[in-house]
Amino acid sequence: MSQSYRRNRAHTTTRLALAQLHQGDVEQACATSGEVFTIMAGDPLPGRMCQNLGDFQRELITLAPSSHIVHEWTDRYRTEWSTRDHGNR
């Protein structure tokens with residue numbers, strides 16, 4: 001799949017995860033958002049995508065601050081973000 005299609009698919013996936021989160025399906029939203037890193041397969045995450053994932057994380061923490069899955073998601077993706085050269089640098 002070309003890079004531009006992958007970016008579009010990953011961006012759409014972040015929007016889907018946010019929608020699932022707004023509907024209260026925290027576990028599914030976390031699973032969906034995790035697909036972004038698989039779709040991008042080691043390529044830098046564009047700024048807009050990083051912003052959407054940051055929005056997702058903030059809303060996730062707001063909606064379910066003490067949930068075990070929230071802590072797992074936050075730990076996992078903090079590691080993912082810190083090991084990638086983000087596209088907005």
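Below, all heavy atoms of this structure are taken into account, side chains as well, without hydrogens, waters or symmetry copies.
Centroid-to-centroid, the aromatic rings of Y77 and F56 stay 6.0 Å apart or farther.
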Take V26 and W73 through the test side-chain contact (heavy atoms from CB on, under 4.5 Å) and record every step on the way to the result.
-> CA-CA 11 Å; V26 174; W73 192 94; over 6 Å; no

Quick one: do I61 and R58 satisfy side-chain contact (heavy atoms from CB on, under 4.5 Å)? Show the steps, please.
-> CA-CA 5 Å; I61 291 168; R58 282 185 293 281; 6.0 Å; no

Can M40 and R7 be said to form a side-chain contact (heavy atoms from CB on, under 4.5 Å), step by step?
-> CA-CA 7 Å; M40 293 303 291; R7 280 193 312 264; 3.9 Å; yes

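With rounding to the nearest 0.5 Å, the separation of SG in C50 from CD in Q57 is 11.5 Å. Separation of atoms OG1 (T74) and CG (L60) is listed at 6.0 Å; rounding is to 0.5 Å. Annotation: the span from H11 atom NE2 to M49 atom CE amounts to 7.5 Å, rounded to 0.5 Å. With rounding to the nearest 0.5 Å, the separation of CD in Q20 from CD in Q23 is 7.0 Å. Note that CZ of R15 is 7.5 Å distant from CG of D55, once rounded to the nearest 0.5 Å. Taking CG of L21 as the reference point, atom OG of S33 lies at 8.5 Å (rounded to 0.5 Å).
The nearest pair of heavy atoms linking A17 to A29 is O-CB, 3.4 Å.
Around CD of E72, the count of heavy atoms belonging to other residues, nucleotides or ligands within 6.0 Å exceeds 12.
Hydrophobic clustering of Ile, Leu, Val, Met, Phe, Trp and Tyr side chains at less than 4.5 Å, counting indirect connections, unites V36 with V70.
Between the side chain of S67 and the main chain of A64, no donor-acceptor pair closer than 3.5 Å is present.
Residues E35 and T13 have side chains that never bring a donor and an acceptor to within less than 3.5 angstrom of each other.
Of the listed residues (I39, T32, L53), just one forms a side chain to side chain contact (heavy atoms under 4.5 Å, CB included) with T14, and that residue is L53.
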